[in-house]
Amino acid sequence: MSLSHDPADKIAQYAHPERLVSVPWLQENLDHPDLVLLESDEDVLLYETGHIPGAQKLDWHLDLNDPVTRDYVDGERFAEVMGARGVSRESTVVIYGDKSNWWAAYALWVMTLFGHPDVRLLDGGRDAWLATGGEMTTTVPEVEPATYPVVARDDSVVRAFKEDVLEHLGKPLVDVRSPAEFSGELLHMPDYPQEGAMRGGHIPGAASVPWAKAADEDGTFRPRAELEAIYQQEQGLAPGDEVVAYCRIGERSSHTWFVLTHLLGFDSVRNYDGSWTEWGNAVRVPVER
Amino acid sequence: MSSDPTYTTDLPTPMAELVEDFTAVSEADRLQMLLELSKELPDLPPRYSDRTTEMERVHECQSPLFLAVEVERAGPSDPAVRLFFDAPAEAPTTRGFAGILHESLDGLSPAQVLAVPDDAPYRFGLATAVSPLRMRGMVAMLSRIKRHVSADELADGAR
């Protein structure tokens, strides 16, 4: 049984208001038996320092990435990760995290690869909860494991591979890294390993729209009209466009993927998770500076 | 170098003891130990506390970390390396890495610090608990520390 949508005005204006909840909604629904609350942070220890009561940890590296191949976990492992947290296919999952929900958006995107029906972000993430004086605890909840079905991961809809991007060249690409990463100048800084990329610059034709433009100063998403101004008016993107977003490893671009797909209603956005750590190392792919 | 990840005989004593503590427990307990060390990381002394912009920023860390290295050469005693770190409370892993290095290296002689193998951060059994990618921050911190100490040694030799 899915939980109700957040009726807040700001959220109702987005294309898919069922994908976002506000702090007041969470406060109200925190004890709902069908809700599973997950925290997903950049820092692997932040959850342990204190989290929203009832929240469980979902770590992007340890839980969602395959430990050997550079890929996400398979359906069996995903079912284990979800089941252990008491998530069933019917659960309403709300994810929140640090850094304006970078990693929470990434986790939500990975859950989308497995087609989890009802997964939402907490607008503003961890900081928004703290800003309203929300209670924090270090108590790890004891949850009853659930049976999550083994679902095949579907990489064909919201995920782009390098070969897909090569075929996509000429259509809209959004590079969400910082301007210095986009221009390639960061490679010239001394003593900086650059996450191992051999070349600096961006994929030809990409527009530079740093992910943080979509976030307000408090880390919540900007209202729909402001997002439309950034992506549709300034960049000329249209909701019917096929768009590929990328960054360094696909985490910041998950944030932009969420904005374009769920907040603005674009229907064909893919996240290129190989991103610059693949493209900037690949032999003979075109690079623009 | 040995392929045994718990090899400690080439580490300075405080670091070897800490490696033994970490590798004796489960991965979950290692994270708790890292969290404890993050809490125990000493505050900056007053002479640095409002000058963090003058300290070195370690870019490889996912979160900002500031590092200062001093070598005490006062009096007849052997020179001692002093380490000063600062990282925000919202970055407990970075603080924990700094805590490991502080506990392991603060007070050692420059020669002892320079002899620490560059792969020492991987001896704590943390790579699978925090992910290999996240270990880079600690590797970078160690190399910055050694570079500072090495530069100080050169300067001292020229004095």
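Quick note on labels: first sequence line is chain A, next is B, and so on, each numbered from 1. All values derive from a computational prediction rather than experimental measurement.
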Side chains of B/E90 and A/D43 in contact at under 4.5 Å (non-hydrogen atoms): no

Donor-acceptor pair, side chain of B/R134 and main chain of A/E42, under 3.5 angstrom: yes

Closest approach of A/T49 to B/L35 (non-hydrogen atoms, all atoms of both residues): CG2-CD1, 3.6 Å

Residue A/L46 versus chain B: region with a heavy atom under 4.5 Å: both

B/T128, part contacting chain A, at a heavy-atom distance under 4.5 Å: backbone

Listed pairs under 3.5 Å, donor-acceptor, residues 72-81 of chain A side chains, sequence neighbours left out:
| residue | atom | partner | partner atom | Å |
| --- | --- | --- | --- | --- |
| A/Y72 | OH | A/Y106 | OH | 2.9 |
| A/D74 | OD1 | A/E76 | N | 3.3 |
| A/D74 | OD1 | A/R77 | N | 2.9 |
| A/R77 | NH1 | A/E80 | OE1 | 2.9 |

Engaged part of A/N65 at the chain B interface, taking heavy atoms whose separation is under 4.5 Å: neither

CD (A/E135) with more than 12 external heavy atoms under 6.0 Å: no

From CG (A/L45) to CG (B/L37), nearest 0.5 Å: 10.5 Å

